[in-house]
Each structure stands twice: as C-alpha cells, then as structure tokens.
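So the structure is just underneath, and the comments pick up after that.
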Amino acid sequence: MRVILIFLLFALSGNFAVFPQELKLKDVQINWQGLTFIFPEDVVIKETNLTTEKSLHVYPARREPFFVVIRKIPIAQINFPKASWESEIFWHGENMEATELVLGNQTFTVYKADQIRNQNLLRANLWIWNQGESNYWVWILCRKDNLELVSFFESGRFLKGRAPP
C-alpha cells in the first residue's frame with residue numbers, strides 16, 4: 001500500500017506546476033494587480049502570490065536581452081531612512097544615478113546603474129512608486145549594448161497608460 005501511495009504521489013506531482021508560466025506575445029497588454037505593462041518582445045510571465053507580497057517575473061521568450069521582476073509590497077510608506085538602503089540597491093553598481101520621473105499623474109523614483117554579471121555589461125533600473133496602500137518596485141536588467149531596449153525601459157514605455165508618447 002505504501003509503495004502504491006508513493007508511486008501515485010510521484011506520478012501526480014509531475015503534472016502540476018507550482019508557479020505556472022504563461023506566454024505573452026509582443027505588444028500584448030499584461031494586466032497585473034491593477035497595472036498594465038507592455039513589452040517589445042514575446043515574453044514568458046510567472047506570477048507569485050505570497051502572504052506578504054506579490055510578484056511578476058518577466059523573461060524573454062526567444063532570446064535573453066532583459067529580465068524584469070515586478071513586486072507589489074503591501075506597505076503604504078517605507079519607514080526607514082532612504083540613505084540606509086539607497087547605496088545598497090545595486091550590487092557593485094557603477095555610474096549610479098537617481099531621478100524623479102513624472103508620467104501622467106504618477107511620480108516614480110528611478111535608480112539606474114551599470115553592472116557586470118557573468119561577463120555581460122548590464123544596465124540595471126529600479127522603478128519605485130506608491131499607489132494606494134502599496135508600494136511597487138520594478139527591477140529591470142538588460143544588456144547595455146542593446147540601446148533600443150535600454151531606451152524602451154528607461155523612458156517608461158513598458159508602463160502602458162503612463163508612458164510618454
């Protein structure tokens with residue numbers, strides 16, 4: 001009986017994904033937690049819903065020019081000094097800059113830096129904004145030599161409905 005139970009457990013566990021992934025085609029709107037995103041290439045998305053936070057991971061479907069993680073953190077205000085975490089945003093980041101960007105009626109804090117990971121020069125961005133009772137953090141990594149993609153993310157065009165024309 002025990003052997004049959006173990007066999008059924010292994011047989012059934014392979015058919016169910018813990019965090020299912022979904023393919024989204026180029027320029028298709030992705031609606032998540034009241035936000036709308038759009039990406040310039042086919043992407044695979046994976047949603048994670050934990051007790052304290054929700055996140056959406058976005059990977060390219062055909063090649064690997066970028067990686068995006070969108071997190072919804074259920075706190076209205078960050079209650080610790082900005083200087084204590086601001087210098088630690090990018091691990092070994094070079095040429096770090098922080099700016100405030102207004103798109104539509106929303107103000108974003110945007111951090112940008114260059115990083116070297118696995119012998120690739122990457123452009124890293126962190127977009128932070130408050131909406132309602134939550135903070136949203138969007139981490140973006142893309143190869144710095146792909147200027148079209150760097151421009152797409154740094155201008156905010158991935159934020160459908162808030163992006164400049």
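Each of Y59, W139, F153 was checked for a ring-ring contact (aromatic ring centres under 6.0 Å, His included) with F66, and the lone residue meeting it is F153. Tested against V138, the residues V68, V69, V110 include a single side chain to side chain contact (heavy atoms under 4.5 Å, CB included) partner, V68.
Inter-residue side-chain proximity for I38 and D27 is flagged as met; some heavy-atom pair is nearer than 4.5 Å. Contact of the Y136 side chain with the Q33 side chain is registered, since non-hydrogen atoms from C-beta on lie closer than 4.5 Å. A 4.5 Å side-chain heavy-atom check between I70 and H57 finds every atom pair outside the cut-off. Side-chain atoms of V102 and F108, non-hydrogen and from C-beta on, never get closer than 4.5 Å to each other. Counting only heavy atoms from C-beta outward, the side chains of Y111 and M96 approach each other to under 4.5 Å.
K24 and I45 make their closest contact through CE-CD1, 3.9 Å (heavy atoms, listed as atom of the first residue, atom of the second, distance). Closest non-hydrogen pair, E154 versus L101, comes out as O-CD2, 4.4 Å. For the pair R71 and W32, the tightest heavy-atom approach, listed with the atom from each and the gap, is C-CH2, 4.4 Å. Pairing each heavy atom of C142 with each of V150, the nearest pair is SG-CG2, 3.6 Å. Contact record, W129 with T107: CB-O, 3.6 Å, taken as the closest heavy-atom pair.
Ion pairing between a basic and an acidic side chain is recognised when a charged N comes within 4.0 Å of a carboxylate O; D114 and K144 show such pairing. Contact check on R62 versus D42 returns a salt bridge, with a Lys/Arg side-chain nitrogen under 4.0 Å from an Asp/Glu carboxylate oxygen. The pair R123-E97 meets the salt-bridge criterion, with a side-chain N (NZ, NE, NH1 or NH2) lying under 4.0 Å from an Asp/Glu carboxylate O.
The CD atom of Q106 sits 11.0 Å away from the CH2 atom of W127 when rounded to the nearest 0.5 Å. Note that CH2 of W137 and CG of N135 are 7.5 Å apart. Values are rounded to the nearest 0.5 Å. Atom-to-atom distance recorded for L149:CG and R157:CZ is 9.5 Å, nearest 0.5 angstrom. The line from CG of L122 to CD1 of I140 is 13.0 Å long, rounded to the nearest 0.5 Å. In this structure, NZ in K72 is found 12.5 Å from CG in L56, a value given to the nearest 0.5 Å.
Ring-plane geometry between F152 and F158 is classed as tilted, the angle between the planes lying from 30 to 60 degrees on a 0 to 90 degree scale.
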Could you walk me through whether T109 and E100 pass the side chain to side chain donor-acceptor pair (under 3.5 Å) test, one step at a time?
CA-CA 5 Å; T109 303; E100 294 284 324; 3.0 Å; yes

Checking K46 against Q21 for the side chain to side chain donor-acceptor pair (under 3.5 Å) test, could you report, in this order, the C-alpha distance in whole Å, the side-chain angles of both residues, the deciding distance, and whether it holds?
CA-CA 5 Å; K46 180 174 76 171; Q21 298 179 354; over 6 Å; no

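A donor-acceptor contact shorter than 3.5 Å links the side chain of S155 to the backbone of S151. No donor-acceptor pair under 3.5 Å is formed between the side chain of Q115 and the backbone N or O of L141.
L121 CG: more than 12 foreign heavy atoms inside a 6.0 Å radius.
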